[in-house]
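Heads up, the thing below is written out as structure tokens.
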Amino acid sequence: MNAPPESMTAPAPPVETGLRWSNRYAALGTAFHTPLPPQPLPGPYWVGQSRATGALLGLAPQWTESDELLQALSGNRPIAGSTPLATVYSGHQFGVWAGQLGDGRALLLGETEGGLELQLKGAGRTPYSRMGDGRAVLRSSIREFLCSEAMHGLGIPTTRALCVTGSDAPVRREEIETAAVVTRVAPSFIRFGHFEHFAANDQLDELRRLADFVIDSFYPAARHSERLAGNPYAALLEAVSERTATLLAQWQAVGFCHGVMNTDNMSILGLTLDYGPFQFLDSYDPAHICNHSDTQGRYAYARQPNIAYWNLFCLGQALLPLIGDQELALAALESYKSVFPAALEARLRAKLGLRQTESDDRGLIEGALRLLATERVDYTIFWRRLCDYTADGQAAPVRDLFLDRAGFDAWLRQYEARLAREDAAAAAATMRQANPKFVLRNHLGELAIRQARQKDFSGVAKLLALLEHPYDEHPGHEAEAGFPPDWAASIAISCSS
Ligand code: AMP
Ligand code: MG
């Protein structure tokens, strides 16, 4: 007898993960989401796994060996207790109102007992897929996986990643690639765009329900704040502005370019969210544009802080019906203008090992950045070599990064004099924790991706191990801490993912 057609086979039984699930987002109501199962992905295999994220979730350590979990996280079997759904949001893309967007390829599985949500990105088409195929390709999934964990290693707020699973199923982009799914983890994936969606559609009940949910779950102090006339929605906007300001300071200090800072990619929790054409700076160029699709340079490195403010302004507009007073909304946004520069200065001072504050410090910081920009010096290597200099007094390695030795020496003399008023050992220790040796440079990701395409996933695992502890020395891995090869400059990363 022939095998029965697929529709007649018994459905695969749910996989028991040991996690206990709820889905408070689903409970907000049907206006917020569409329930639907992931689309199966044939012949899945593990591409990358983060044991740290597994431990965070409370998964038993053997999860990395579980074929059942591999199938479940690839969409081939349901997870017991989870209720997959796609959420709806809208947003401004490249400065223009884009209308309704939504999870076009991500499914929220639910929330675990520990308060973490799991999402499968690349799990198939949803009602919000528009023209997209609902899939994510191996290349961009590896980048998202590694960068999520790299950012966490750097101490920068981010969504986390549990794993990437791959399949040989073809996916059409500029060329034919293969499909993958990233399992993402965060307390919430709510974006500015979720608020914009309900505001734009005059769904004020839903807007209020969403805001109340976010306040009660993540910003409870906003309910009791006496600032901003005791208005909880203004207090929420202020708190989000502050978190976003802190996040942007961390991005700028480490040389991270997000690449697509559309309002639908902005986390209400101030997390780095939606890793697409991101890049860590190689040479220091404030005008650097990492997204090949960003022809106007809207999201150039140096513009990121202003764009974040622009995005917060959109959030403020969306919250205005709840705040009820434009002056109050504007006042709530003001905090960004003080928190961002203060946070950035604090980060840069730490990079220089300056623990006391002196009035001339800003000049010292600006002087360093000017030198770096003039000569397009490698950003990460400069700071790490400066760390070494404070520890061992050898100026040559850092000086060798500059053609204008006299210019650099003049700055170094100023720095030395300033450093003399710090505790030298403490300064060096601060610098070691502020200046990573390892960042996920484009070419490093690219090399791991090329290997992974040949089914060799050791490069992904190796990079993960380095990037989880980016401030450590990792002897024997000088190549991964070195200058990018010439071909790195020709890597073009676009929105296509
Ligand atoms: P992004 O630029 O990745 O932040 O995506 C912007 C919007 O396009 C979001 O609504 C995504 O869900 C959707 N999207 C991106 N790629 C795809 C795809 N391959 N299939 C379906 N939707 C997609
Ligand atoms: Mg997005």
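All values derive from a computational prediction rather than experimental measurement. Both ligands and their constituent atoms are indexed starting at 1 by order of listing. All heavy atoms count here, side chains included; hydrogens, waters and symmetry mates do not.
Nearest protein heavy-atom contact of atom 12 (O) of ligand 1 is Gly104 N, 2.8 Å. What sits closest to atom 5 (O) of ligand 1 on the protein, heavy atoms only, is Asp264 OD2, 4.7 Å.
If you run side chain to side chain contact (heavy atoms under 4.5 Å, CB included) between Arg208 and each of Asp212, Asp205, Leu210, only Asp212 comes through. Results of the side-chain hydrogen bond (donor to acceptor under 3.5 Å, both in side chains) test with Glu196 over Gln317, Gln100, His92 single out His92 as the only residue that passes.
Counting the atoms of ligand 1 from 1 in the order shown, those under 4.0 Å from a heavy atom of Tyr89 are 9 (C), 10 (O). Atoms of ligand 1 found under 4.0 Å from any heavy atom of Arg173, numbered from 1 in the order shown, are 19 (N). Set against the non-hydrogen atoms of Gly132, the atoms of ligand 1 under 4.0 Å away are 18 (C), 20 (N), 21 (C). Heavy-atom proximity to Leu101, at under 4.0 Å, picks out these atoms of ligand 1: 10 (O). If you number the atoms of ligand 1 from 1 as listed, the ones under 4.0 Å from a heavy atom of Arg130 come out as 7 (C), 8 (O), 10 (O), 13 (C). Which parts of ligand 1 touch Gly134 is read off a 4.0 Å heavy-atom cut-off, strictly below it: atoms 18 (C), 19 (N), 20 (N), 21 (C). The ligand atoms of ligand 1 that sit less than 4.0 angstrom from a heavy atom of Asn265 are 4 (O). Proximity to Asp274 (heavy-atom distance under 4.0 Å) selects the following atoms of ligand 1: 4 (O).
Proximity of atom 3 (O) of ligand 1 to the protein is indicated by at least one non-hydrogen atom lying closer than 4.0 angstrom. Distance remark: protein heavy atom present below 4.0 angstrom from atom 22 (N) of ligand 1.
Closest approach of Ser293 and Cys495 over heavy atoms only: OG-N, 3.0 Å. Closest approach of Pro321 to Leu204, counting heavy atoms only: CB-CD2, 3.8 Å. Across Leu57 and Leu19, no two heavy atoms sit closer than the pair O-CD2, 3.3 Å. Across all their heavy atoms, Ile289 and Ala300 have their closest contact at CG1-CB, 4.0 Å. Between Thr17 and Leu59 the shortest heavy-atom distance is O-CD2, 3.9 Å. Ala234 and Ala332 make their closest contact through O-CB, 3.4 Å (heavy atoms, listed as atom of the first residue, atom of the second, distance).
The closest approach between Val260 and ligand 1 stays at or above 4.0 Å for every heavy atom of the residue.
Contact annotation: for Asp133 versus ligand 1, heavy atoms closer than 4.0 Å belong to both the backbone and the side chain. Under 4.0 angstrom from ligand 1, there are no non-hydrogen atoms of Glu144.
Contact check on Arg172 versus Glu177 returns no salt bridge, with no Lys/Arg side-chain nitrogen under 4.0 Å from an Asp/Glu carboxylate oxygen. Classification of Asp274 and Arg191 as a salt-bridged pair holds, one side-chain N sitting under 4.0 Å from a carboxylate O. Looking at Arg173 and Asp133, a side-chain N of the basic residue comes within less than 4.0 Å of a carboxylate O on the acidic one, giving a salt bridge. Asp456 has no carboxylate O lying under 4.0 Å from a charged side-chain N of Arg450, or vice versa, which leaves the two without a salt bridge. By the 4.0 Å N-to-carboxylate-O rule, Asp282 lies close enough to Arg441 to be salt-bridged with it.
Using cut-offs of 30° and 60° for the angle between ring planes, the Tyr284 and Tyr379 rings count as parallel.
Nearest-residue assignment for atom 16 (N) of ligand 1 (options Arg105, Lys121, Arg125, Arg172; heavy-atom criterion): Arg105. The nearest non-hydrogen atom to atom 11 (C) of ligand 1, considering only Gly91, Ser140, Gly193, Gly102, comes from Gly102.
Looking at ligand 1, you won't find any N or O of Gln93 less than 3.5 Å from one of its N or O atoms. Checked against a 3.5 angstrom limit, the closest N/O atoms of Tyr128 and ligand 1 fall outside it. Considering backbone and side-chain atoms alike, Asp103 places every N or O at 3.5 Å or more from each N or O of ligand 1.
By the 6.0 Å and 45° rule, Arg303 does not stack over the aromatic ring of Trp251.
Distances from the Mg ion (ligand 2) under 2.8 Å pick out these protein N/O/S atoms: Asn265 OD1, Asp274 OD2.
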(message) Evaluate Tyr89 against Phe192 for ring pair (Phe, Tyr, Trp, His ring centres under 6.0 Å), listing each step before the verdict.
(response) CA-CA 9 Å; Tyr89 53 80; Phe192 291 8; over 10 Å; no

